[in-house]
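We number each residue from 1, following the sequence as shown. Computed over heavy atoms, backbone and side chain alike; hydrogens, waters and symmetry mates excluded. Just so you know, ligand 1 is whichever comes first in the structure, and atom 1 is the first atom listed for that ligand.
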Amino acid sequence: MSDAKKTVTLTDNQTGKTWEFPVLSGTTGPDVIDIRRLYAETGMFTYDPGYTSTGSCESSITFIDGDKGILRHRGYDIQDLAEHSDFMEVAYLLLYGDLPNPPQKAKFESDITNHTMLHEQIHSFYSGFRRDSHPMAVMVGVVGALSSFYHDSLDINDPHHRMVASYRMIAKVPTIAAWAYKYSMGQPFVYPRNALSYAENFLHMMFAVVTEDYHVNPVLARAVDRILILHADHEQNASTSTVRLAGSSAANPFACIASGIASLWGPAHGGANEAVLKMLNEIGTKDRIPEFIKRAKDKDDPFRLMGFGHRVYKNHDPRATVMQKTCHEVLDELGISNEPLLDLAMEMERIALEDAYFIDKKLFPNVDFYSGIIFKALNIPVSMFTVLFAVARTVGWVAQWNEMIEDPTQKIGRPRQLYVGGLKKDYVPLHKRTSGSAKAQQG
Ligand code: CMC
């Protein structure tokens with residue numbers, strides 16, 4: 001950050017008192033007002049539900065310009081990475097700050113590959129879950145359980161320990177994810193294979209069965225790899241902020257990543273890809289689109305067009321553009337000339353983008369709008385869609401967690417509040433209380 005030469009002045013209109021706060025500039029993007037001294041000097045907090053105007057940290061990992069539809073990791077445009085790179089390279093980029101040279105890449109891939117196996121005892125965690133558990137519930141549980149395997153040996157202030165923990169997470173999450181699926185199917189777990197790439201290995205562990213050989217289709221593996229790249233990191237979103245907040249207390253990183261998975265699960269975040277496919281199935285045919293668009297615009301109806309809108313992107317989501325292209329490529333490669341859900345999605349996008357409501361509110365398809373159609377073509381079950389997002393985002397979470405721990409200004413995260421509850425009351429013994437809680441009586 002640059003030296004703070006710019007300042008802003010805050011004036012209390014009642015007392016006329018003024019305070020000056022430094023304005024900090026990053027390498028690009030909007031300036032930020034440094035309000036760290038605000039409470040100490042004014043006795044006031046800021047109020048920003050949903051953190052719509054709050055920068056919570058300094059970061060050099062990912063840059064987003066929501067108005068221009070730009071997403072860059074360590075300076076590289078997402079379109080270039082999706083087209084020319086692969087997920088292992090992007091993972092290295094996020095973790096280490098630049099693209100690897102050939103020996104660095106080979107070593108990184110080999111190190112990740114050599115951490116893909118799970119401790120045998122982890123098998124028994126699965127049998128504690130109902131077979132019909134949502135796989136994201138299994139992910140939260142099993143990734144959290146990894147903290148019990150790697151706790152006493154892990155010093156988060158030691159950069160080498162942190163990197164080993166990071167490699168373990170990136171390497172083991174696909175195994176945990178594929179086994180969640182196998183468990184739901186009642187099939188034996190398939191162990192990772194070191195000869196396969198990251199994406200191939202995931203597909204192998206998902207779809208191979210012990211009774212026959214399974215050959216990974218390279219087209220499908222490439223599609224999964226690209227989807228992983230598109231989801232790898234996204235600045236200070238809800239799940240990443242959850243990981244950072246959990247980690248700010250110096251908690252075990254495996255437990256922190258489990259908290260990120262929990263946050264990702266919601267339909268407003270990573271759960272949207274599952275919700276999009278369910279929505280498209282519910283709509284069914286093009287003639288019913290106007291009915292759903294009408295519902296999405298109705299203030300009294302909680303229904304939202306899933307896969308539309310974004311807190312940051314107000315022009316287009318660059319990931320969605322690549323995703324739509326990938327969707328066509330995958331369907332072409334698989335010889336699927338007619339995918340009714342893709343036709344439906346494209347028609348929905350066309351209608352929404354011509355509608356004043358979506359234009360005025362700057363609502364565009366986001367990364368989740370087309371990804372489900374690709375997953376469906378790859379035979380990935382709907383309940384696994386958000387799990388794939390979690391597999392991809394794990395590297396972003398660990399990169400952000402490492403950056404946070406290394407930041408010398410890092411403190412435990414502790415937002416404040418605007419208290420609107422009751423004032424001091426005298427305690428009344430139970431036998432003397434005539435009225436109870438109005439809220440409980442309503443319920
Ligand atoms: N359908 C209909 N109306 C919408 C939608 C939508 N998908 N998204 C936002 N709006 C309206 C919303 O009702 C509000 O209207 P008003 O100003 O009249 O109250 C306005 O647009 C602004 O919405 P908001 O909820 O204040 O905006 P936000 O920045 O808090 O929410 C969002 C962003 C992504 C949660 C939201 O757009 C949404 O719920 N979209 C659907 C779920 C979805 O696709 N999520 C995936 C996000 S991308 C992947 C990821 O980050 O995980």
- Tell me yes or no: between the side chains of T9 and W19, is some donor less than 3.5 Å from an acceptor? no

- Should D48 and T52 be marked as a side-chain hydrogen bond (donor to acceptor under 3.5 Å, both in side chains) after you check the CA-CA gap, both sets of side-chain angles, and the distance that decides it? CA-CA 6 Å; D48 185 20; T52 54; 2.9 Å; yes

- Message: Please verify the inter-ring angle class for Y167 with H115; under 30° counts as parallel, over 60° as perpendicular, anything in between as tilted.
- Response: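 Y167 and H115: perpendicular rings.
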
- Item | All salt bridge (charged side-chain N to carboxylate O under 4.0 Å, His left out) counterparts of K278, not counting sequence neighbours |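 Here the qualifying residues are E274.
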
- side-chain hydrogen bond (donor to acceptor under 3.5 Å, both in side chains) partners of Q410, counting only residues at least two apart: none

- Message: List the protein residues in contact with ligand 1, where contact means a heavy-atom separation under 4.0 angstrom.
- Response: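 Lining ligand 1: P267, A268, H269, G270, A272, A296, K299, R304, L305, M306, G307, F308, G309, H310, R311, Y357, K361, L363, N366, V367, D368, F389.
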
Which donor-acceptor pairs under 3.5 Å do side chains of residues 219-227 form with protein atoms, sequence neighbours excluded?
| unit_1 | atom_1 | unit_2 | atom_2 | d |
| --- | --- | --- | --- | --- |
| R222 | NH1 | S85 | O | 3.3 |
| R222 | NH1 | D225 | OD2 | 3.3 |
| R222 | NH2 | A82 | O | 2.8 |
| D225 | OD1 | F87 | N | 3.3 |
| D225 | OD2 | F87 | N | 2.9 |
| R226 | NE | A82 | O | 3.4 |
| R226 | NH1 | T326 | OG1 | 3.3 |
| R226 | NH1 | E329 | OE1 | 3.0 |

